[in-house]
Number of protein chains: 2
Amino acid sequence: MLTQAPTRAKGRPRSCVADSAIDTAALELFADEGFERFSIEAVASRAGVGKATIYRRFANRDELLAHAMQQLDADVPVISELGDFWQTLTKLLDDIRESSLDSLKSRIMIRVLSEGARHPQLRAMVTELVIRPRQARLRAVLAHGIQVGQLRSDVDIEATVALLIGPMVWLKMLGLTPEAGAASTESIVQVLRTGLAPASRL
Amino acid sequence: MLTQAPTRAKGRPRSCVADSAIDTAALELFADEGFERFSIEAVASRAGVGKATIYRRFANRDELLAHAMQQLDADVPVISELGDFWQTLTKLLDDIRESSLDSLKSRIMIRVLSEGARHPQLRAMVTELVIRPRQARLRAVLAHGIQVGQLRSDVDIEATVALLIGPMVWLKMLGLTPEAGAASTESIVQVLRTGLAPASRL
DNA sequence: TCAATTCGAAACGATAACGTATCGTAATTC
DNA sequence: GAATTACGATACGTTATCGTTTCGAATTGA
């Protein structure tokens, strides 16, 4: 239950329970309340931890926030390769839409992006840790689709990535779910698959 | 330069210069700084106006913010009908991307949507004033496209709207411009037009 | 001219978070 | 057992900002 320091410290070891409580509280607080309401005191309160316990670990608010953000990496869930390319793509978009069944990442992402102009280094960190790996995974799926001949080889990849991610983020921001009348991921993939133009007008 | 009240008041009339200065400052402040930093004091400072001048007009912060938001309607620029349907669509998306060459609306929209859970009535107002008219305009263009046979008549309209608006908002949130290597509106329309699947695999 | 009203500026008290320190308790090493 | 360090809780003085009120000057109708 306690962290073991490599160099055997003398006194009471720091609680790793407090460590993770602080990290979790920081991420949830940021997602729930946003940047402006993110304060040491609020994190301590939410984590059930004394302020001194936080100040013993971090010098100030920015350090705490930056450290918490780095807990965002790790799990980019692997998509089990399905037989059908379009099925795989749909599943991938569903994952992006739900952000790994855990909306914490996506709520943080949206907050950081919408406030990015004010905190560029935070924006860069989230871009690197959350957005980039998912875009890479998406590109890999697209490349595989081209390989197996399911995807046109002449499509603009940048445009395609924007066409796949954009609608997911947009629908999430609107707070619309497929159950609530919004477009389903399947129908979006379907439109994208066949295109908007009639076959006769290509 | 001064507002003429219907009932001729006795004292010094309220300055309509201050009126519009307050409105403008409120919108810009909200776009620049976000909800949490939106305060009477900051609006007064930015407008070059005494705080009492604002309190004489609005009871509190929420009233001021709501009034300022209602200045957002009015101009949904009309798209001159071009000959080519896809050209019209591209121009429409460019307009959405730049939000009428004035990023104020789009910055406000993104802030409101990302913070919408906390302020549902504000979200409803922006949805009504900014998003709904633009979606209506887009649907009209799509309907016309079907009429003239440029657009498949069996496409899912909801999905198509999400596919058109989503990428624009997403690229704007990322802060990417076509000049900076991001996908151009033309290439997005092009991918959407022809679809992702090879002709042989439809 | 006089009373009424608004103006921008500034003073006022309240609130909140900051960073630090202290308290008694708990955990660990020597 | 003694020394040391961390724990949660809480108190402290400082700073910043908020909403509200007050002030003299300015602008109007009567």
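Residue numbers start from 1 in every chain, and the chains themselves are labelled A, B, ... in the order their sequence lines are given, proteins ahead of strands.
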Partners of A:Arg46 by side chain to side chain contact (heavy atoms under 4.5 Å, CB included), sequence neighbours excluded?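 Here the qualifying residues are A:Ala25, A:Glu28, A:Leu29, A:Asp32, A:Glu33.
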
Suppose we call a contact any N or O donor and acceptor under 3.5 Å apart; does that hold for the side chain of A:Arg14 and the base of D:dA6?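 No, the side chain and the base share no sub-3.5 Å donor-acceptor pair.
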
Tell me which residues in residues 36-44 of chain A lie within less than 4.0 Å of DNA chain C, going by non-hydrogen atoms.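 Those residues are A:Ser39, A:Ile40, A:Glu41.
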
Heavy atom of residues 48-58 of chain A under 4.0 Å from DNA chain C: which residues?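 Output list: A:Lys51, A:Tyr55.
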
Considering only residues two or more places apart or on different chains, which pairs with a residue in residues 55-68 of chain B satisfy salt bridge (Lys or Arg N to Asp or Glu O under 4.0 Å)?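 Only B:Asp19-B:Arg57 qualify under salt bridge (Lys or Arg N to Asp or Glu O under 4.0 Å).
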
With [X], which residues qualify under side chain to side chain donor-acceptor pair (under 3.5 Å), at least two apart?
X	result
A:Thr185	A:Asp94, A:Arg97
A:Glu186	none
A:Ser187	A:Ser184
A:Gln190	none

Nucleotide [N], atom [atom2] - distance to [atom1] of [X] in whole Å:
X	N	atom1	atom2	answer
B:Ile22	C:dC7	CD1	C1'	11 Å
A:Arg12	C:dC30	CZ	P	18 Å
B:Glu33	D:dT17	CD	C1'	14 Å
B:Arg61	C:dT15	CZ	P	17 Å
B:Lys10	C:dT5	NZ	P	7 Å
B:Arg46	D:dC18	CZ	P	13 Å
A:Leu65	C:dA17	CG	C1'	16 Å
B:Asp62	D:dG19	CG	P	10 Å

At what distance, to the nearest 0.5 angstrom, does CZ of A:Phe58 lie from CD1 of A:Ile22?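 A:Phe58 atom CZ to A:Ile22 atom CD1 measures 6.0 Å (nearest 0.5 Å).
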
Applying ring-ring contact (aromatic ring centres under 6.0 Å, His included), can you list everything that pairs with B:Phe35, at least two apart in sequence or on another chain?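 B:Phe35: ring-ring contact (aromatic ring centres under 6.0 Å, His included) contacts with B:His119.
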
Evaluate whether atom CZ of A:Arg132 has more than 12 neighbouring non-hydrogen atoms of other residues, nucleotides or ligands under 6.0 angstrom away.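 No - once you tally the heavy atoms of other residues, nucleotides and ligands closer than 6.0 Å, there are 12 at most.
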
